[in-house]
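Working notes, structure below.
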Amino acid sequence: MGFYRKNIGGLHQAVRVVLGIAVAAAAFVYLAGATAWLVALGGAGFALTGLVGYCPMCAMAGIGKGGMS
């Protein structure tokens with residue numbers, strides 16, 4: 001996957017993975033129906049950006065390694 005470069009650091013990646021999984025799990029425990037699936041999908045997407053190490057929104061804002069901040 002050479003079309004992107006990592007723009008978030010290791011600690012940031014770990015936090016994203018943990019929070020994404022926690023949100024997805026909490027969605028099924030505390031919510032019901034389509035809402036639970038939508039929130040869980042958002043959590044899974046957040047965790048996936050942590051696993052890959054690339055955040056598209058951070059890249060658009062210029063945040064991260066090699067960016068403005």
Side-chain angles (χ1 to χ4, degrees):
M1 294 185 136
F3 64 91
Y4 71 92
R5 68 172 192 210
K6 289 188 174 188
N7 64 350
I8 56 177
L11 180 62
H12 193 161
Q13 283 182 266
V15 170
R16 278 179 173 263
V17 170
V18 170
L19 283 179
I21 291 171
V23 166
F28 289 118
V29 172
Y30 295 111
L31 301 174
T35 306
W37 284 100
L38 288 173
V39 173
L41 185 61
F46 195 70
L48 183 62
T49 60
L51 284 173
V52 173
Y54 179 75
C55 174
M57 296 305 289
C58 296
M60 288 191 322
I63 300 169
K65 294 181 177 177
M68 294 184 320
S69 324

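- A continuous path of hydrophobic side-chain contacts links Val15 to Phe46 [ILVMFWY only; heavy atoms under 4.5 Å].
- The two residues Arg16 and Thr49 have their closest heavy-atom pair at NH1-OG1, 2.9 Å.
- The heavy-atom pair separating Ile8 from Cys55 by the smallest distance is CG2-CB, 4.2 Å.
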Report all side-chain donor-acceptor pairs from residues 29-44 shorter than 3.5 Å, counting only partners two or more places apart or in another chain.
none

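- Atom-to-atom distance recorded for Asn7:CG and His12:NE2 is 8.5 Å, nearest 0.5 angstrom.
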